[in-house]
Amino acid sequence: MIPVTLLTGFLGSGKTTLLQRMLGDPAMAGTAVLINEYGEVALDHHLLERIDETVMLMKSGCICCTVRGEVAQSILDLIALRGQGRAAFDRIVIETTGLADPWPVLSTLRAHPVLQSQVRAGGVITTVDAVNAPAMLSGSTRREALRQIAAADVLALTKTDLASAPGLPLQLAALNPTARMLDARTDSVAEIALAAREGRQVPPLEAHHDHGAGMTSTTMVFEEEIDWTAFGVWLTLLLNRHGDRILRVKGILNLKGEERPVAIHGVQRLVHPPHHMTAWPDQDRRSRLVFIMEGIDPSLLRRSFDLFQKIGQRQETTS
Amino acid sequence: MCALCGILGCDDHWTAAVAREGVYSRLTSPQAHRAEAAARARVVNRALAPLRITFGDWQKRSYVLRGPTGKTAIFEGLNHLWAEAEALAGREIDPLDPAYLDRLEG
């Protein structure tokens, strides 16, 4: 399966500079690139094709099956070229400029009937400009930028040579406590890409952060083992109704009947296949879930979660 | 439907992922698959009880939802469950709605 990494970030935040660094690094040889901004697809700097933002629904009524038809077709074309021996690559980077929200592309990778067996999500890298981000995060344009930051597996800080922005890492960590923070200028691009692909930062145990404008990140910690079936029913129901306001969910779960932990990772309505980890990262066996959300009351979220877990346990004892 | 074991729910939804390396799956055997499907049906039916909708399968080939007036919705993937249930109910099913939670708790 070919990993597909999304490179996003606010206008002027340094996406293209990071992309250029990536393409110039021998460690990143074999990277095909789709660039949305210019309507072009570049493969090994040579092949160019056009993509648009056509959206299709796989089946009416189910928003998580939204497919961006032209993105899907462009990836399929790349794979066909590879199959014909006309292109050699083992990863794809999509620069999602102009798509403020990376979710539709992630959804395409997951929902497309052919792509889902050919590619896998390779994580989201969001560039954050050290010069402008501190002001922007508190300015009127921030909602769009916040959503991009919330979706990130890696926050790549750019222009760090131009501004020190000492408070920025803390600001970003409060907003997306699950993302790794790396320097786009000095850290190796291979490390940045790998961190995005792995995307499995263990969620921290901190409690609640409020970012104003209704955006919060909240961590729920559970002492009891989790009932997987009830959890799945609950989260799918929650994301069906509130997926556009739940920008990110990430967690590590101690499931009833399982020795090893299971990592959960979702962006809006899209949840990636649960990862069965090989071992617990430390002695702490408590489950924890981080939600980054807009306008959702964390206490209601917790009440709802607990109630569904209770239902799961009840069903188990009566079955 | 799964071509190997003839059970619904092989659509590789994240809650019922096909068993493969690194991915958490409960579909490790036909028996485990059936047990998980039955457990899921119990929880879904409990979640739908306040709306008087029931969930099950149709001839082991599709999922089916039945409303209080006998109206049904048939669909194939778990992805579509809640959108279909809301369409049948004619309203949103909101797990953060205190009134819904009260009814679920009662």
Side-chain angles (χ1 to χ4, degrees), chain A residues 58-65 110-111 116-117 227-242 245 253 255 257-258 260-266 269-278 296-297 299-301 303-312 314-316 318-319, chain B residues 9 11-28 32 35-51 55 73 75-89 91-106:
Chain A
M58 301 297 291
K59 183 180 188 291
S60 62
C62 177
I63 200 164
C64 68
C65 293
R110 186 81 190 110
Q116 62 181 214
S117 62
D227 181 297
W228 170 254
T229 310
F231 171 75
V233 170
W234 174 75
L235 189 58
T236 53
L237 178 57
L238 178 74
L239 295 179
N240 175 68
R241 181 66 5 243
H242 297 289
R245 296 195 295 151
L253 303 178
L255 297 181
E258 298 292 343
R260 295 183 285 139
V262 171
I264 285 291
H265 178 191
R269 287 188 173 84
L270 180 83
V271 180
H272 294 293
H275 174 55
H276 208 175
M277 296 169 73
T278 51
I296 289 179
D297 176 357
S299 64
L300 262 182
L301 189 73
R303 181 187 169 201
S304 180
F305 178 94
D306 288 344
L307 181 52
F308 273 78
Q309 282 298 304
K310 211 186 285 177
I311 288 170
R314 256 189 245 148
Q315 301 298 330
E316 199 174 273
T318 55
S319 64
Chain B
D11 44 340
D12 205 20
H13 189 262
W14 69 269
T15 59
V18 171
R20 56 190 183 274
E21 197 185 344
V23 171
Y24 179 65
S25 171
R26 294 204 158 178
L27 315 189
T28 49
E36 182 61 16
R40 183 193 306 118
R42 285 193 293 271
V43 178
V44 170
N45 274 313
R46 187 73 188 80
L48 291 172
L51 300 136
F55 168 76
F75 56 100
E76 294 200 344
L78 286 171
N79 264 359
H80 307 295
L81 168 61
W82 298 115
E84 295 285 359
E86 289 189 333
L88 193 61
R91 64 186 178 96
E92 295 177 352
I93 306 172
D94 185 353
L96 301 181
D97 174 6
Y100 170 75
L101 294 177
D102 288 345
R103 292 174 69 192
L104 207 52
E105 217 158 25

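On a predicted model such as this, the values are computed, not experimentally measured, just so you know.
Both the backbone and the side chain of A:Val271 come within contact range of chain B, with heavy atoms under 4.5 Å apart. Contact of B:Glu86 with chain A is made through the side chain alone, with heavy-atom distances under 4.5 Å. For chain B, the nearby part of A:Phe308 is the side chain; its heavy atoms alone come within less than 4.5 Å. With a threshold of 4.5 angstrom between heavy atoms, A:His242 approaches chain B through side-chain atoms but not through N, CA, C or O. Only the side chain of A:Leu307 comes within less than 4.5 Å of a heavy atom in chain B; its backbone stays farther off.
Listed for the B:Tyr100 side chain is a donor-acceptor partner under 3.5 Å among the backbone atoms of B:Ala47. Of the possible donor and acceptor atoms, none in the side chain of B:Arg26 sits under 3.5 Å from a partner among the backbone N and O of B:Thr15.
The side-chain heavy atoms of A:Arg260 and A:His276, taken from C-beta on, include a pair separated by under 4.5 Å. For the pair A:Asp297/B:Leu96, no side-chain contact is recorded, criterion being any heavy-atom separation below 4.5 Å from C-beta on.
Between A:Trp228 atom CH2 and A:Ile264 atom CD1 the span is 4.0 Å, to the nearest 0.5 Å.
In terms of non-hydrogen atom pairs under 4.5 Å with chain B, the most contact-rich of A:Ser304, A:Pro273, A:Gly232, A:Pro274 is A:Pro274.
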